[in-house]
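The sequence lines fix the lettering, A, B, ..., with proteins before strands; numbering per chain opens at 1.
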2 protein chains.
Amino acid sequence: MTESHTDDSHLSKRDERLGLMIWFRLSRVYNQSLKETHQHLKKWDLTAAQFDILAQVGAHNRLTQKQLADKLFVTKGNITQLLGKLEELGLVKREQEWKTKYVSLTKRGKSLFDKVVPVQEQFQASQYDGLDREEKKQLLGLLKKIQK
Amino acid sequence: MTESHTDDSHLSKRDERLGLMIWFRLSRVYNQSLKETHQHLKKWDLTAAQFDILAQVGAHNRLTQKQLADKLFVTKGNITQLLGKLEELGLVKREQEWKTKYVSLTKRGKSLFDKVVPVQEQFQASQYDGLDREEKKQLLGLLKKIQK
DNA sequence: AAGCATCAGTTTAGTTGTAAACTGAATAAA
DNA sequence: TTTATTCAGTTTACAACTAAACTGATGCTT
């Protein structure tokens with residue numbers, strides 16, 4: 001006889017229910033976190049998307065727009081738009097070299113980077129203070145497993 | 001002497017790093033899941049936000065817009081806009097009663113609800129197939145704990 | 001060399017969402 | 001009764017993001 005076969009066709013109703021609850025909870029945790037991030041970044045008049053670019057460019061100085069898009073998991077079109085704004089704000093500059101454009105921080109951008117990134121990263125991480133180190137490792141492991 | 005005090009001031013660099021990795025991973029898992037959801041819903045010409053409303057209204061029939069907003073954790077303004085579209089599509093109707101408006105499904109909406117919701121919910125849940133039941137419970141527990 | 005594919009970046013149109021100001025009705029208070 | 005509060009829903013302006021079509025330059029192929 002088949003072992004542990006209470007339901008084998010797709011997934012038991014119980015598992016489906018669990019999956020749905022995870023989905024709802026995940027979306028709530030993520031969106032709440034995003035909102036708090038936004039709130040926190042207002043101090044420097046930055047949006048979350050702008051911060052992400054600032055952090056990436058500052059950490060790697062000199063990236064192409066494509067590399068940036070890939071690192072942030074967004075489209076090239078999105079990067080174009082965001083860089084337009086950041087350029088207006090005088091935080092980044094684009095230098096065409098051969099066929100590609102390299103993005104780097106201006107002096108103002110660098111200075112803002114140094115001021116904001118450490119504080120913001122600490123804030124970001126603090127959102128998981130409710131978990132101890134072991135639980136964080138567990139959570140990270142489970143999230144990785146979801147993405148196969 | 002204080003016990004296990006390698007760093008007590010804020011959080012150890014190690015914990016901060018872990019927190020950041022969780023944040024990145026969470027955002028990737030969520031956005032990927034959202035994208036796949038969108039893809040899947042295209043079959044019925046529905047967006048994820050529209051599906052969420054269809055599912056909620058169908059499950060509770062007759063909700064006010066405020067209740068809907070609260071259940072979905074979005075603003076009333078967003079609900080107004082989405083309902084406008086769904087009304088155009090002939091899927092929901094709004095009935096003013098005293099000062100509030102009650103939202104319910106039309107015949108077309110009901111029929112679409114019956115067709116889409118079970119399939120979509122199963123698809124949604126299947127995104128966590130990589131985890132066994134125990135792991136799902138663990139993940140859910142950790143997510144809940146984050147929200148205190 | 002001419003033509004074609006490729007690839008970075010841009011543009012455009014559309015969706016989702018927020019925040020904040022506004023409308024209008026019901027209720028409470030003077 | 002008149003005024004003020006409250007509260008549901010609407011509107012407006014804006015940010016973020018995608019998908020898909022487009023631009024232009026590089027470089028391969030014949």
Side-chain angles (χ1 to χ4, degrees), chain A residues 27-28 30-42 44-54 56-57 62-89 91-104, chain B residues 27-28 30-42 44-54 56-57 62-89 91-104:
Chain A
S27 123
R28 274 174 61 185
Y30 175 77
N31 284 306
Q32 177 183 309
S33 196
L34 200 59
K35 201 178 290 182
E36 284 169 24
T37 296
H38 252 104
Q39 212 58 34
H40 193 249
L41 282 171
K42 266 191 182 169
W44 299 277
D45 270 309
L46 281 174
T47 65
Q50 289 167 356
F51 172 81
D52 285 343
I53 291 192
L54 198 72
Q56 284 295 330
V57 176
R62 275 179 75 78
L63 284 153
T64 67
Q65 296 192 186
K66 182 64 168 51
Q67 288 173 327
L68 203 43
D70 290 343
K71 275 190 191 303
L72 296 176
F73 298 95
V74 297
T75 57
K76 296 169 293 168
N78 190 13
I79 293 293
T80 294
Q81 295 167 337
L82 288 169
L83 285 182
K85 238 161 282 173
L86 288 173
E87 223 171 28
E88 253 180 50
L89 296 172
L91 298 174
V92 309
K93 57 177 183 289
R94 283 186 269 198
E95 291 160 322
Q96 184 120 17
E97 193 165 303
W98 295 96
K99 58 173 180 172
T100 59
K101 290 187 179 175
Y102 284 91
V103 185
S104 56
Chain B
S27 123
R28 273 173 61 186
Y30 175 76
N31 284 304
Q32 178 182 310
S33 197
L34 201 58
K35 201 178 290 182
E36 283 170 23
T37 296
H38 253 104
Q39 212 58 35
H40 192 248
L41 281 171
K42 266 191 182 168
W44 298 277
D45 269 309
L46 281 175
T47 65
Q50 289 167 355
F51 172 81
D52 285 342
I53 291 192
L54 197 73
Q56 284 295 331
V57 177
R62 272 177 77 77
L63 284 154
T64 67
Q65 295 190 189
K66 182 63 167 52
Q67 288 173 328
L68 203 44
D70 290 342
K71 275 190 191 305
L72 297 175
F73 298 95
V74 296
T75 58
K76 296 169 294 169
N78 189 14
I79 293 294
T80 294
Q81 294 166 338
L82 287 168
L83 285 182
K85 239 161 281 172
L86 287 174
E87 222 171 29
E88 252 180 51
L89 296 172
L91 298 174
V92 309
K93 59 176 181 294
R94 281 186 270 197
E95 290 159 323
Q96 185 121 15
E97 193 166 303
W98 295 97
K99 57 174 182 175
T100 59
K101 289 186 181 176
Y102 284 90
V103 184
S104 56

Gap between atoms CG and P, on N78(A) and dT16(C) respectively (whole Å): 17 Å
For L63(B) and dA8(D), what is the distance between atoms CG and P respectively, to the nearest whole Å? 14 Å
Using the closest heavy atom to pick a nucleotide of DNA chain D for each, name whichever of K35(B) or A48(A) lands nearer the 5' end. A48(A)
I need the minimum non-hydrogen distance between R62(B) and S104(B), along with the two atoms involved. N-CB, 4.2 Å
For a quick check of understanding: with a heavy-atom distance under 4.0 Å over all strands, which category does F73(A) fall into, base, sugar-phosphate or nothing? sugar-phosphate
Can you find a donor-acceptor pair, distance only, under 3.5 Å between K101(A) side chain and dG9(C) base? no
Could you check if a side-chain atom of F51(B) sits within less than 4.5 angstrom of a side-chain atom of I53(B), using non-hydrogen atoms only? no
Base, sugar-phosphate or nothing for I79(B)? Non-hydrogen atoms, less than 4.0 Å. nothing
When we call it a touch if two heavy atoms are under 4.0 Å apart, what does T100(B) touch: a base, just sugar-phosphate, or nothing? sugar-phosphate
If you define the side chain from C-beta out and look only at heavy atoms, does anything of Q65(A) sit under 4.5 Å from T80(A)? yes
Counting just side-chain N and O atoms, does R94(B) come under 4.0 Å of either OP1 or OP2 of dA8(D)? no
E87(A) with K93(A): basic N within carboxylate O range, under 4.0 Å: no
By the 4.0 Å heavy-atom rule, please label K66(B) as base, sugar-phosphate, or nothing. sugar-phosphate
DNA chain C: 5'-proximal contact among T64(A) and Q81(B) (nearest heavy atom): T64(A)
Send over the distance from L82(A) CG to dT11(C) C1', rounded to a whole Å. 15 Å
Scanning both residues in full, the closest heavy-atom pair of A48(B) with L41(B) reads CA-CD1, 3.6 Å
Taken to the nearest whole Å, OH/Y30(A) to C1'/dT16(C) is 13 Å
Figure out the CD/P separation between Q39(A) and dA15(D), and round it to whole Å. 16 Å
Rounded to whole Å, how long is the line connecting atom CD of Q32(B) with atom P of dC17(D)? 17 Å
Less than 4.0 angstrom between a side-chain N/O of Q65(B) and OP1 or OP2 of dT10(D), yes or no? yes
Distance, rounded to the nearest Å, where E88(A) contributes CD and dC14(D) contributes C1': 14 Å
With nearest nucleotide decided by heavy atoms, which residue, L83(A) or A49(B), maps closer to the 5′ end of DNA chain C? L83(A)
Protein-nucleotide distance (H38(A), atom NE2; dC14(D), atom P), rounded to Å: 15 Å
Considering every strand and a 4.0 Å limit on heavy-atom distances, what is the contact class for T75(A): base, sugar-phosphate, or nothing? base
